[in-house]
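The structure appears below as structure tokens.
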Amino acid sequence: MKHDKVMNVAKKRGFLWSSFEIYAGVAGFYDYGPLGAILKNSIINKWKNFYIVKEGFYEIESPTVMPEEVLKASGHVDNFTDPMTECKECLEVYRADHIIEEMINRDVEGLSNEELTQIISEEKILCPRCGNHLTRVWNYNLMFQTLIGAKGKKTGYMRPETAQGIFIPFKRLLRFFRGKLPFGVVQVGKAYRNEISPRQGVIRLREFTQAEAEIFVNPEDKTHEKFDEIKGKMLKLYSGEVQLAEGEPVEISAGDALDEGIVSSQILIYQLYIAQKFLREIGIPDEVIRFRQHLPTEMAHYAIDCWDVEVYTERYGWVEIIGIADRTDFDLKSHTEHSNEDLRVFIEYDEPKQIKKLAIKPNMSKFGPSFKGDAPKILKVLENIDAKGVKKSIENDKMFNLQIEDNTFELLPEHVNFVEIEEVVRGEKIFPHVIEPSYGLDRIVFSVLLHTFTEDEENEREYFKLPKDIAPVEVSVFPLLNKEQLREEALKIKNDLREKGFIAEFDASGTIGRRYARSDEIGVPYAITVDHDSIDDNKVTIRNRDNLKQKRILISDIAGILDSLLKSRLEFDDIN
RNA sequence: GCGGCUGUAGUCUAGUCUGGUUAGGACUUGGGCCUUCCAAGCCUACGACCCGGGUUCAAAUCCCGGCAGCCGCACCA
């Protein structure tokens, strides 16, 4: 199986291996080895080039440990959890809500664990497998819990996503961007989920790296300034509708996808497009990716449209590597409610609006003595109440009953006057919507390894055909034969290249063929070979990994040519 | 978390059933010889019984527990 070959080479040559190996390992944790760490960094750098440089977003970094309040507001403390129950006899574990819904066909969403436990015993729900009793319901939360501080009074969690770290300082970010939408903020970092039983290698980790962008937009304007440039680009879309009809994904242009209402907005399609472009540039070809829309049933309650970028893998089938969602205003709204900070944005109208409206003007000389201590509270409610309704009631019934929490206050004609006021409204405060491309970097690194792995039968070699700008080692330097004179010249060249900033490796072990094979295997795009002629003519051979072609170039030109090759300013065949 | 299968150098594997010499081989890797461009050959070195307990004079081998991997079930904001 190709999968096993890739993982074996990755382990052998220092890309990836499971963590804590000498203590037998722990499922869901992986190390990046010497080459893997460089590769991952190169991919991250390219990602930053896409999102920070080209899109103009800015990066922030926030803590991986978060206090409970944040994750309470985001819904993770309550919702990132599953009610579980276990059979007392056979120890089979079930989702408590699922088993109830299945057995007695009753919707139990939102019920507490106690209520679920009660239903299980009242309805005599037994283990479907062996017919024995089930335990009381408990919550399994997928977050790693910890305690903050020496006394351990404050509960904290390892963050389950980097996104929350961007929503929390929204007010400061908004100010940084001088109050104007749209703007984007990115964060690259670790996130943690204590999966019940992760068993898909690097596909399901308990500690993993996310690269997320949160793009804050005006809900009324989800257009994109560059949409015209990309509307002709083709995407392979697997819409919810097609999935339900059990059809096949369709190739469609960005423009048509929008016109036909398959994708909900320009900005969302634009994000799909740059995701595809990014994947292509790191060596994952279009043929193995598709965009799959979330079905209404699987969509998170806060999203109105969500597309997964999936890559085909031999072992796991289609795997989500990027999620691109329209998260709407869910998070900012929720944090506003929980924190009492106003996380809205003021949107100025093109033209100020003249608005005539009815306002309630309290008659304080009567108002104060009547309501005494409750007066301030009542005044506050009256500011935002529908004045017309109040006026109508007062005119017709000579009174208006105002409900505040559990109390009813009787508003009489003497308490209030009504005035027509005219005011200029320059804009309004709104919650921005959030478009979120979220990259699972570990899955992406794995996909890159999987899809760049090349079995070249003609030349009897297997190697990672990594794009040259993300290859961990940029150039290998060899003496043709392991002779003192050639060794010395090769070492000199290697050191010179390192001095000039290239990641260069020297190898004199075995035969020249063996050295090329080792170099190819880890995806080094170019190799320099010093032979006897080099001593006389100051020229060396440069070899192209992908087609084994060779050229002779001056030693003094190596760095310049290499730089041009790596940056794609020069094609190998055009070397003179 | 449950059940089944599996666990010997970096990799692949012999040995395990039927306990018994220094755990054998191949590939890889390091050093050397040879070699004027694609994993050749020769010499040489390094390197392993998943962990813990038990049975036994003696455990890679038998038993128990744990851990990990694979497969199935369950889970997967």
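Bear in mind the structure is a predicted one, so any value in this text is a computation, not a measurement. Throughout, protein chains are lettered first and strands after them, A, B, ... in sequence-line order, and every chain is numbered starting at 1.
Note on A:Asp308 versus A:Arg292: salt bridge recorded, some NZ/NE/NH1/NH2 to OD/OE distance being below 4.0 Å. Under 4.0 Å is where a charged nitrogen must lie from a carboxylate oxygen, and between A:Asp442 and A:Arg204 no such pair does. Between A:Glu489 and A:Lys492 there is a salt bridge, with a side-chain nitrogen of the basic residue lying less than 4.0 Å from a carboxylate oxygen of the acidic one.
Distance check on atom C1': B:G24 versus B:C62 gives 23 Å, rounded to whole Å. Comparing the P positions of B:G20 and B:A59 gives a spacing of 11 Å, expressed to the nearest Å. B:C73 sits 45 Å from B:A39 when the C1' atoms are compared, rounded to a whole Å. Comparing the C1' positions of B:G30 and B:G47 gives an interatomic distance of 11 Å, to the nearest angstrom. For the C1' atoms, the distance linking B:G72 with B:U13 amounts to 28 Å, nearest Å. Between B:A9 and B:A45, the distance separating the two C1' atoms is 14 Å to the nearest Å. Between B:C51 and B:U8, the two C1' atoms lie 15 Å apart (nearest whole Å). With C1' as the reference atom, B:A40 and B:G52 are 47 Å apart, rounded to whole Å.
Donor-acceptor pairing under 3.5 Å is lacking for the side chains of A:Lys72 and A:His338.
Counting any heavy atom pair closer than 4.0 Å across all strands shown, A:Glu161 reaches no nucleic acid atom. Here A:Arg315 lies in heavy-atom contact (under 4.0 Å) with sugar-phosphate atoms only.
Legend: residues meeting ring pair (Phe, Tyr, Trp, His ring centres under 6.0 Å) with A:Tyr516, ordered by chain and number and at least two apart, are A:Phe478. Partners of A:Thr336 by side-chain contact (heavy atoms from CB on, under 4.5 Å), not counting sequence neighbours, listed by chain and number: A:Leu343, A:Phe431. Residues that satisfy the side-chain contact (heavy atoms from CB on, under 4.5 Å) test with A:Asn538, not counting sequence neighbours, are A:Leu554, A:Ile555.
Note: CZ (A:Arg515) to C1' (B:U28) measures 17 Å, nearest angstrom. Going from atom CD of A:Glu521 over to atom C1' of B:U11 covers 11 Å, rounded to whole Å. Rounded to whole angstrom, the span from the CG atom of A:Leu142 across to the C1' atom of B:A74 amounts to 14 Å. When the C1' atom of B:U29 is taken as reference, atom CZ of A:Arg514 falls 9 Å away, rounded to whole Å. Put simply, CG on A:Asn141 is 17 Å from P on B:C75, counting in whole angstrom units. One atom, CD of A:Glu460, and another, P of B:A39, lie 7 Å apart when rounded to the nearest Å. A straight line from CD of A:Gln200 to P of B:C75 spans 14 Å, rounded to a whole angstrom. A straight line from CZ of A:Arg204 to P of B:G69 spans 13 Å, rounded to a whole angstrom.
For the ring pair (Phe, Tyr, Trp, His ring centres under 6.0 Å) with A:Phe15, the lone residue among A:Phe464, A:Tyr30, A:Phe453 that qualifies is A:Phe464.
Using the Watson-Crick or G-U wobble rule with both distances under 3.5 Å, B:G47 pairs with nothing in any strand shown. As the counterpart of B:U56, no nucleotide is assigned, since no Watson-Crick or G-U wobble pattern has both distances under 3.5 Å. Pair check for B:G19 finds none; no Watson-Crick or G-U wobble contact set falls under 3.5 Å. Pairing of B:A40, defined by two Watson-Crick or G-U wobble distances under 3.5 Å, is not identified with any nucleotide. Here B:C5 sits opposite B:G69 as a Watson-Crick or G-U wobble pair (both hydrogen-bonding atom distances under 3.5 Å).
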(message) What verdict does the side-chain contact (heavy atoms from CB on, under 4.5 Å) test give for A:Met66 and A:Ile168, after you've listed the backbone C-alpha separation in whole Å, the side-chain angles of each residue and the deciding distance to 0.1 Å?
(response) CA-CA 11 Å; A:Met66 292 183 154; A:Ile168 302 305; 5.5 Å; no
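Two rings, from A:Trp307 and A:Phe291, have their centers 6.0 Å or more apart. Residues A:Phe446 and A:His3 place their aromatic rings such that the two centres sit under 6.0 Å apart.
Comparing B:A39, B:G69, B:G30 by their nearest atom to the side chain of A:Ala517 picks out B:A39.
Here A:Arg545 does not reach the OP1 or OP2 of B:C38: none of its side-chain N or O atoms lies under 4.0 Å away.
The two residues A:Lys190 and A:Thr162 come nearest to each other via the heavy atoms O-CG2, 4.1 Å.
No donor-acceptor distance shorter than 3.5 angstrom exists from the side chain of A:Asp329 to the backbone of A:Leu332, with no hydrogens or angles considered.
Within a heavy-atom distance below 4.0 Å of RNA chain B, no residue of residues 444-453 of chain A is found. Contacts with RNA chain B (heavy atom under 4.0 Å) in residues 2-20 of chain A: none are found.
Taking for each of A:Leu548 and A:His76 the nucleotide of RNA chain B with the nearest heavy atom, the 5'-most of the two is the partner of A:Leu548.
For the atom pair CG (A:Leu441) and CZ (A:Arg443), the distance works out to 11.5 Å, reported to the nearest 0.5 Å.
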Could I get a table of every N or O pair under 3.5 Å where one atom is in the protein and the other is in nucleotides 34-37 of chain B?
unit_1	atom_1	unit_2	atom_2	d
B:U35	O4	A:Asn482	N	3.4
B:U36	N3	A:His532	ND1	3.2
B:U36	O4	A:His532	ND1	3.4
B:C37	O2	A:Tyr516	OH	2.5
B:C37	O2	A:Gln550	NE2	2.9
B:C37	N3	A:Tyr516	OH	3.4
B:C37	N4	A:Asp531	OD2	3.3
B:C37	N4	A:Thr541	OG1	2.5

